[in-house]
Participant: 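After the structure tokens below, expect a handful of questions from me.
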Amino acid sequence: EAGVVQSPRYKIIEKKQPVAFWCNPISGHNTLYWYRQNLGQGPELLIRYENEEAVDDSQLPKDRFSAERLKGVDSTLKIQPAELGDSAVYLCASSRGENTEAFFGQGTRLTVV
Amino acid sequence: QQQVKQSPQSLIVQKGGISIINCAYENTAFDYFPWYQQFPGKGPALLIAIRPDVSEKKEGRFTISFNKSAKQFSLHIMDSQPGDSATYFCAASDSGYALNFGKGTSLLVTP
């Protein structure tokens, strides 16, 4: 079974530029999460999808962050414009449903300079 | 607001020793408590998880102890090995919500 696939693995951009991350969850997993992990910290939820519906986006900074999950499969997370403080690892995870094991991708390490 | 508090921040254990990491939570609605292991450059991977209807769960060298009344749970790694050196995160969630992670414990097992 293929795991959660994220791309790109690394991204370096200048501040004020846009950036997008892509995630392909495990087949059959209806729940998809985007987490942000700052250096030396635990992952923090940005948004959770149940199929194509964003059911929890309370922690997503909506002035600059957006996400979509078309057709309830792949998802993209976008930041526009990026700020220095957005430098972090962006993790995508998927699970079969509530309170079940969440499988994480390797993450995208974003550096904003 | 950190919903799950984890300690210690870092831990050094000799090979063959016992590693113990502790977590505490406040939200009594939490009903799922997993531990994740993360190696550098990788995403977190589920190690072991427990639900509040049991007080202990063991899988190989890894044991979760759960104290519902104290709202605490801990991870014990028996016979710690250098390959166990990683960052460990406790987490908690309740139905309908995503995982809340602790800040992590960096474990180093020395030969």
Side-chain angles (χ1 to χ4, degrees), chain A residues 1-10 21 23-26 29-50 53-60 67 88-111, chain B residues 1-11 21-25 27 29-54 57 59 64 75 86-108:
Chain A
E1 179 180 78
V4 176
V5 179
Q6 290 188 246
S7 68
R9 288 279 285 124
Y10 306 93
F21 315 123
C23 173
N24 179 236
I26 293 173
H29 282 194
N30 297 325
T31 306
L32 184 145
Y33 313 80
W34 282 102
Y35 282 88
R36 177 169 58 189
Q37 185 174 24
N38 292 310
L39 188 64
Q41 301 292 315
E44 296 177 330
L45 181 72
L46 290 173
I47 190 169
R48 177 170 69 97
Y49 282 93
E50 293 293 340
E53 181 182 1
V55 296
D56 183 358
D57 63 356
S58 58
Q59 301 303 312
L60 189 72
V89 175
Y90 290 82
L91 293 163
C92 179
S94 69
S95 69
R96 291 193 180 279
E98 297 174 359
N99 283 5
T100 61
E101 180 178 357
F103 294 81
F104 284 81
Q106 292 198 85
T108 296
R109 180 175 295 278
L110 173 67
T111 302
Chain B
Q1 181 183 2
Q2 195 77 25
Q3 296 207 49
V4 180
K5 296 183 179 180
Q6 183 171 347
S7 62
Q9 185 175 357
S10 62
L11 183 61
I21 305 171
N22 300 298
C23 283
Y25 64 97
N27 188 344
F30 287 156
D31 59 4
Y32 177 62
F33 303 88
W35 284 90
Y36 278 79
Q37 179 187 57
Q38 186 176 31
F39 292 102
K42 303 293 186 182
L46 181 68
L47 195 59
I48 186 173
I50 197 168
R51 297 187 189 272
D53 52 342
V54 297
K57 183 175 181 180
E59 290 184 0
I64 298 179
L75 175 69
T87 300
Y88 293 82
F89 294 96
C90 61
S93 68
D94 59 356
S95 297
Y97 294 90
L99 290 169
N100 297 275
F101 284 86
K103 290 190 174 184
T105 296
S106 178
L107 172 65
L108 176 64

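Here the structure is a predicted model, which means the values were calculated and not measured. Heavy atoms only: backbone and side chains are in, while hydrogens, waters and symmetry mates are out.
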Participant: I want to check something: taking the side chain as every heavy atom from C-beta on, are A/Thr108 and A/Cys23 in contact at a cut-off of under 4.5 Å?
Facilitator: no

Participant: Restricting to side-chain contact (heavy atoms from CB on, under 4.5 Å), what partner residues turn up for B/Thr87, sequence neighbours left out?
Facilitator: B/Phe89, B/Ser106

Participant: Around atom CD of A/Gln59, are there more than 12 heavy atoms from other residues, nucleotides or ligands closer than 6.0 Å?
Facilitator: no

Participant: Output every pair passing side-chain hydrogen bond (donor to acceptor under 3.5 Å, both in side chains) with a member in residues 39-53 of chain B, not counting sequence neighbours, ordered by first then second residue.
Facilitator: A/Gln106-B/Lys42

Participant: Do you know the tightest heavy-atom contact between A/Ile26 and A/Ala2?
Facilitator: CG1-O, 3.5 Å

Participant: Where does A/Gln37 contact chain B at under 4.5 Å (heavy atoms): side chain, backbone, both or neither?
Facilitator: side chain

Participant: Need one label for A/Arg109: side chain, backbone, both or neither, based on atoms under 4.5 Å from any heavy atom in chain B.
Facilitator: neither

Participant: For residues 29-38 of chain B, give me every residue with a non-hydrogen atom less than 4.5 Å from any non-hydrogen atom of chain A.
Facilitator: B/Asp31, B/Tyr32, B/Tyr36, B/Gln38

Participant: Ring centres of A/Tyr49 and A/Tyr33 under 6.0 Å apart?
Facilitator: no

Participant: If I measure from the heavy atoms of chain B, does A/Thr31 come under 4.5 Å with its side chain, its backbone, both, or neither?
Facilitator: neither

Participant: Please name all residues satisfying side-chain contact (heavy atoms from CB on, under 4.5 Å) with A/Glu53, sequence neighbours left out, ordered by chain then number.
Facilitator: A/Val55

